[in-house]
Amino acid sequence: MTKDIPVGAGAGLVAALLFGVLLKATTLAILLYLLAPLPILIVGLGWSHRAALASVVSGALALALFVSPYLGLAFAAYLALPAWWLAYLALLGRSNADGTIEWYPTGRLLAWVAGTAALAFIAIAVIASPDYDTFRAQLTSMSRRVVQVQVQRGRIPPPAQTAPLNEAQSGNTDRPAESNAPQPQDGAQTGEKTDDLASEVADALATVAPAIAAQGLTILFTFYLWAAARIVQISGRLLRPWPDLPSTVMPRAALLVFAAALTLAMVPGYPGALGIALIGAFSAAFALQGLAAFHDRSRGRPGRFALLAGLYVLLFLTQGVAMLALILFGIADTALDRRRPKPRGDA
């Protein structure tokens, strides 16, 4: 296995380079940054988990020595270690009495993807701001800027101003001075209402930000794992047979984790943020399972292609609103576990 270490170290340097170009803050740099976990996953799935761990060490050390220790730590906690862990789980297997190998179930792997995404978000948050109040203030500030941009673009309508203020702006000077006197106060109250509304929306957005971030990271990690496995499979180095993805079903323990996350979200500080992140991450995982269940249950049915195409078009047109239905479908699929046995086939 020692011959895999140099391969892993080289992949780690490539991943560190892709991660480090984010400092350029260009569109191309962001696109390259999004590819950073792939080299680690590829060596982990095609060579060994030791090679992936060597990637973590070499990439983190390179960034720490040549850029900054903080960047090396962020690389390891946010992308490198999660990629190694998922590659390690994907290749877990145990031998049966008949000599066959029972590989780690894709449903359990999907649950771990969600949990890993939530932990990775909290890890990078703690690294960036060890004090939770500072972290929360930063989230609120960013959320307020987002709200202001949406108001300026007209996507969020500002509150309607009061009638006296409108009359004052239209230049109505026929009214007595006494009736015009309260108008500045009304304008000030309207401005205060606008500020209060922006603060409330920004505060709500900052509260759910960990869930949104972990949800996106869960989908990205799932895509990374699938893409890396496909690349390794094409090269002929994939150590496990390609799984039947539509039959993916998370264990019922995932429901217990989801319920515990709802309770944990009420706790102040980073524990509460972890609960919110777990809610978002497992919501994405349940949605992916709902999508897999739709693929599974449509197998062998006439017009399957039209059904699947219609589902994806609906997801695109509703801009994720239909995702809620997929989440509920995935939760019910996990709770009931009534998938009928079907012959193995492609998705």
Sidechain N-carboxylate O distance under 4.0 Å for Arg136, Asp131:
no
If the condition is side-chain hydrogen bond (donor to acceptor under 3.5 Å, both in side chains), which residues does Thr26 pass it with, not counting sequence neighbours?
none
Quick one: pull up CG in Leu326 and CG in Asp333 and give me the separation to the nearest 0.5 Å.
11.0 Å
I'd like to know if the side chain of Thr248 and the backbone of Leu245 have a donor-acceptor N/O pair within less than 3.5 Å.
yes
Using side-chain heavy atoms (C-beta onward) and a distance below 4.5 Å, is Tyr224 in contact with Leu34?
yes
Determine yes or no for a side-chain-to-main-chain donor-acceptor pair under 3.5 angstrom, with Gln289 supplying the side chain and Met250 the backbone.
yes
Separation between OH (Tyr104) and CG (Leu91), nearest 0.5 Å, reads 12.5 Å
As a quick check of understanding, evaluate side-chain contact (heavy atoms from CB on, under 4.5 Å) for Leu53 and His49, giving each step before the final call.
CA-CA 6 Å; Leu53 193 57; His49 73 92; 5.6 Å; no
Strictly distance-based, threshold 3.5 Å: is any side-chain N or O of Arg240 a donor or acceptor partner for the main-chain N or O of Trp103?
no
Return the CD1 to CD1 distance between Ile122 and Ile276, rounded to the nearest 0.5 Å.
8.5 Å
Would you name the heavy atoms of Gly12 and Phe75 that are closest together and state the gap between them?
O-CZ, 4.4 Å
Check whether the ring centres of Phe135 and Tyr270 lie less than 6.0 Å apart, and answer yes or no.
yes
When you compare the side chain of Val43 with that of Asp4, does any pair of heavy atoms fall below 4.5 Å?
no
Would you say that Val67 contacts Leu23 through its side chain, given a criterion of any heavy-atom pair below 4.5 Å between the two side chains?
yes
Note, Leu288 side chain near Leu110 side chain (heavy atom, < 4.5 Å)
yes
What's the verdict on side-chain contact (heavy atoms from CB on, under 4.5 Å) for Leu81 and Trp84, showing C-alpha distance, side-chain angles and the deciding distance?
CA-CA 5 Å; Leu81 281 173; Trp84 162 77; 4.3 Å; yes
Does any N or O in the side chain of Ser48 come within less than 3.5 Å of the main-chain N or O of Gly44, such that one atom is a donor and the other an acceptor?
no
So which heavy atom on Ala118 is nearest to which on Leu278, and how close?
CB-CD2, 3.5 Å
Answer yes or no: does atom OH of Tyr132 have more than 12 heavy-atom neighbours from other residues, nucleotides or ligands under 6.0 Å?
yes
Heavy-atom closest pair, residues Ala287 and Ile327
CB-CG1, 3.7 Å
How long is the straight-line distance from CD1 of Ile42 back to CG of Leu238, given to the nearest 0.5 Å?
11.5 Å
Hey, is CZ on Arg108 packed in by over 12 heavy atoms from elsewhere, all under 6.0 Å?
no
Taking the six-membered ring for Trp, are Tyr33 and Phe19 ring centroids under 6.0 Å apart?
yes
Before giving the answer on side-chain contact (heavy atoms from CB on, under 4.5 Å), spell out for Ser68 and Leu71 the whole-Å C-alpha distance, their side-chain angles and the decisive distance to 0.1 Å.
CA-CA 5 Å; Ser68 73; Leu71 197 63; 3.3 Å; yes
Which heavy atom of Tyr312 sits nearest to which heavy atom of Leu291, and what is that distance?
OH-CD2, 3.6 Å
Looking at every non-hydrogen atom in both residues, tell me the closest pair between Ala76 and Pro82 and how far apart they are.
O-CD, 3.8 Å
Ile101 side chain reached by Arg94 side chain, heavy atoms, under 4.5 Å
no
Taking Arg297 for the side chain and Ala292 for the main chain, is one N or O donor matched with an acceptor at less than 3.5 Å?
no
How long is the gap from CG on Asp244 to CG on Asp296, to the nearest 0.5 Å?
7.0 Å
Distance-only, no hydrogens or angles: does the Asp98 side chain make a donor-acceptor pair with backbone N or O of Thr100 under 3.5 Å?
yes
Where does the angle between the aromatic ring planes of Trp112 and Trp85 fall among parallel (under 30°), tilted (30 to 60°) and perpendicular (over 60°)?
perpendicular
Could you tell me if the ring centre of Phe258 sits under 6.0 Å from that of Phe286?
yes
Contact between Leu41 and Val232 at the side-chain level, heavy atoms closer than 4.5 Å - yes or no?
no
Short side-chain to backbone donor-acceptor contact, Ser141 and Gln138, under 3.5 Å
no
Out of curiosity, Phe282 CZ to Thr218 OG1, how far, rounded to the nearest 0.5 Å?
8.5 Å
List the steps, then state whether side-chain contact (heavy atoms from CB on, under 4.5 Å) holds for Leu22 with Leu32.
CA-CA 8 Å; Leu22 184 63; Leu32 292 175; over 6 Å; no
